[in-house]
Structure formats: C-alpha cells, structure tokens
Trainee: 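Just passing along the structure, written as structure tokens.
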Amino acid sequence: MRLTYDSDANAAYVYLVDSTAPGGVAQTRSSMLELELASIDFDLDAEGKVLGIEILGASRVLADETLQATQRLSVRISYDQDADAAYVTLVDAIRSDEVERTIPVDLVELGGMINLDFGADGRLLGIAILDASKSLPPEVLRGRT
C-alpha cells in the first residue's frame with residue numbers, strides 16, 4: 001500500500017494493491033459526498049473490488065504531515081477477520097478519542113459500507129471498509145491484523 005500526492009492537481013491516491021494491470025480499473029465511482037472542498041472516488045476492478053482511492057482537493061482533507069510524507073509513508077491497512085472489517089490508516093497514529101466525525105459512504109457496487117473518519121480539524125484520518133472480504137482483493141487482506 002502506498003500514498004502518492006500530485007501538488008499541481010491537489011490530488012492524492014491511495015494504492016490498495018501494489019500494481020494494476022493496464023485496463024485493470026474497470027470503473028470509478030464517486031462517493032457522492034458533499035465534502036466542502038474535496039471529493040473521494042473509488043477505483044474498482046471488473047469484479048467490483050476496490051483497487052484504489054483518489055482524493056481530489058487532498059490538501060483540504062489530509063494533514064500536511066501526511067502530504068509531505070507521501071514518498072516515505074506506507075499506507076497501513078489492518079484487517080479484523082471476525083468483523084470482516086479493514087481499516088486504512090492515513091496518519092502515523094489515531095487515538096480513540098481523535099475521530100470527531102465519521103461519514104458513511106454506501107457504494108451500491110461494493111455491497112458494503114465505507115466509513116471516512118475525520119479529526120476535529122476536518123482532516124481525513126482513516127477509512128474503514130466493512131464487508132472487506134467482499135469489497136477488497138484477497139491480496140490486500142492476506143496476512144493483515
């Protein structure tokens with residue numbers, strides 16, 4: 001997993017798979033969220049599994065430290081098999097009291113729910129993916145705890 005940032009386009013991209021073959025992204029679905037200054041899109045493969053997440057207006061919702069660290073930051077993903085939930089962490093650490101607001105995203109194509117966790121300052125801290133085994137490629141979840 002990795003995160004890239006294009007400052008000219010003010011766009012960040014969370015790669016959930018190491019690489020995508022040409023034509024691997026079959027569709028892009030917008031979260032349809034009314035975030036004030038940003039939008040979040042999900043790239044899906046032909047089976048409807050999430051391959052990556054694009055954040056447009058990234059500097060408005062990602063911490064400066066996160067954007068500055070994109071070259072060395074390795075996106076962390078954890079997986080709770082019992083709950084079938086994955087969590088993509090976009091900052092160094094998240095304290096339990098740090099999430100101020102959670103916005104649910106229900107993409108019909110995923111058959112599950114995605115929650116975006118924001119801090120008090122409006123910055124995106126992490127992304128929870130419920131029904132993860134149905135929504136993510138198996139290699140993303142393998143060996144994660």
Trainee: Give a yes or no on whether Leu3 and Tyr13 share a hydrophobic cluster (residues Ile, Leu, Val, Met, Phe, Trp, Tyr; joining criterion: side-chain heavy atoms under 4.5 Å apart).
Mentor: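 Not linked; separate clusters.
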
Trainee: What's the separation between atom CD1 in Ile53 and atom CD1 in Ile55, rounded to the nearest 0.5 Å?
Mentor: 7.0 Å

Trainee: For Asp64, enumerate each residue passing the salt bridge (Lys or Arg N to Asp or Glu O under 4.0 Å) test, keeping only those at least two apart in sequence or located in another chain.
Mentor: none

Trainee: Applying side-chain contact (heavy atoms from CB on, under 4.5 Å), run through Val140 and Val17 and close with a yes or a no.
Mentor: CA-CA 6 Å; Val140 173; Val17 295; 3.8 Å; yes

Trainee: Taking C-beta and beyond as the side chain, do Val14 and Val88 meet within less than 4.5 Å on heavy atoms?
Mentor: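 Side-chain contact under 4.5 Å: yes.
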
Trainee: Measure the shortest side-chain to side-chain distance between Asp45 and Val25 over non-hydrogen atoms and say whether it is less than 4.5 angstrom.
Mentor: no

Trainee: Looking at every non-hydrogen atom in both residues, tell me the closest pair between Ala85 and Leu130 and how far apart they are.
Mentor: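 Closest approach of Ala85 to Leu130, heavy atoms only: CB-CD2, 3.9 Å.
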
Trainee: Which atom names give the shortest non-hydrogen contact between Leu51 and Gly24, and what distance separates them?
Mentor: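 Closest approach of Leu51 to Gly24, heavy atoms only: CD1-O, 3.5 Å.
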
Trainee: Distance-only criterion, 3.5 Å: show the donor-acceptor pairs between side-chain atoms of residues 114-128 and protein atoms not counting sequence neighbours.
Mentor:
residue, atom, partner, partner atom, Å
Asp117, OD1, Thr102, OG1, 2.8
Asp117, OD2, Tyr87, OH, 2.8
Asp121, OD1, Arg123, N, 3.0
Arg123, NH1, Ser59, O, 2.4
Arg123, NH1, Arg60, O, 3.2
Arg123, NH1, Leu62, O, 3.1

Trainee: How long is the straight-line distance from CD1 of Ile129 back to CZ of Phe42, given to the nearest 0.5 Å?
Mentor: 7.0 Å

Trainee: Which heavy-atom pair separates Lys49 from Lys134 by the least distance, and what is that distance?
Mentor: NZ-O, 3.3 Å

Trainee: Could you give me the CA-CA distance, side-chain angles and deciding distance for Ile40 and Val105, then say whether side-chain contact (heavy atoms from CB on, under 4.5 Å) is met?
Mentor: CA-CA 10 Å; Ile40 299 176; Val105 178; over 6 Å; no

Trainee: What's the spacing between Ser78 OG and Asp80 CG if we round to 0.5 Å?
Mentor: 8.5 Å

Trainee: Is the backbone of Val91 close enough, under 3.5 Å, to the side chain of Thr66 for a donor and an acceptor to pair up by distance?
Mentor: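 Side chain of Thr66 to backbone of Val91, a donor-acceptor pair under 3.5 Å: no, none is there.
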
Trainee: Kindly compute the distance separating CZ (Arg29) from CG (Leu44), expressed to the nearest 0.5 Å.
Mentor: 7.0 Å

Trainee: Answer yes if Leu90 and Ile103 sit in the same cluster of Ile, Leu, Val, Met, Phe, Trp and Tyr residues linked by side chain heavy atoms under 4.5 Å apart, and no otherwise.
Mentor: yes

Trainee: So, taking the atom named CG in Leu136 and the one named CD in Glu139, what distance separates them when rounded to the nearest 0.5 Å?
Mentor: 9.5 Å

Trainee: Could you tell me the separation between the CG atom of Asp43 and the CD atom of Gln27, rounded to the nearest 0.5 Å?
Mentor: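 Between Asp43 CG and Gln27 CD, I get 9.5 Å after rounding to 0.5 Å.
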
Trainee: Using the six-membered ring of Tyr15, assess whether NZ or CZ of Arg2 lies under 6.0 Å from its centre and within 45 degrees of the ring axis.
Mentor: yes

Trainee: By side chain to side chain contact (heavy atoms under 4.5 Å, CB included), which residues pair with Ser133, not counting sequence neighbours?
Mentor: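 Counting only residues at least two positions away or on another chain, Ser133 forms a side chain to side chain contact (heavy atoms under 4.5 Å, CB included) with Tyr79, Asp84, Leu141.
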
